[in-house]
Amino acid sequence: MVNAQGGSTTESASIPLTQNRVYLKAACDFKDRVDKAYFYYSIDGNNWISIGTTLQMAYTIPHFMGYRFGLFNYATKVTGGYVDFDYFRLGNKIAVQH
């Protein structure tokens, strides 16, 4: 997980994987202006494990365009490679697990 919240990019978590499939989830809490995002991963799509740091979302007037989440391949040892995403789903949940 890479975090650029403070203006510079830092790796906040890394998980060694031995399988080809991993599930990722971001859960946001906007209730009562908490405005935090929590991040999770799962090996089986059912059991979620917290990863990285909580993102405190800030809303500034000068040029606010909203928060955007993305998935990408980032080569760390050799140039190249690929990643295959089967789906990217957005939804509303009432409870945030953290």
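In this text the structure is predicted, and so the values were computed from the model without any measurement.
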Gap separating the [atom1] atom of [X] from the [atom2] atom of [Y], nearest 0.5 angstrom:
| X | Y | atom1 | atom2 | result |
| --- | --- | --- | --- | --- |
| D35 | D32 | CG | CG | 10.0 Å |
| N47 | Y41 | CG | OH | 11.0 Å |
| W48 | L24 | CH2 | CG | 7.0 Å |

Only one of D44, D84, D86 clears salt bridge (Lys or Arg N to Asp or Glu O under 4.0 Å) with R21; which?
D86

Please report the shortest heavy-atom distance between [X] and [Y], naming the atom on each side.
| X | Y | value |
| --- | --- | --- |
| C28 | A37 | SG-CB, 4.0 Å |
| Q56 | V34 | NE2-O, 3.2 Å |
| T53 | F39 | O-CD1, 3.6 Å |
| Y23 | G45 | CD1-N, 3.2 Å |

Kindly determine whether I15 and L17 satisfy side-chain contact (heavy atoms from CB on, under 4.5 Å), including the steps that lead there.
CA-CA 6 Å; I15 306 294; L17 298 173; 4.2 Å; yes

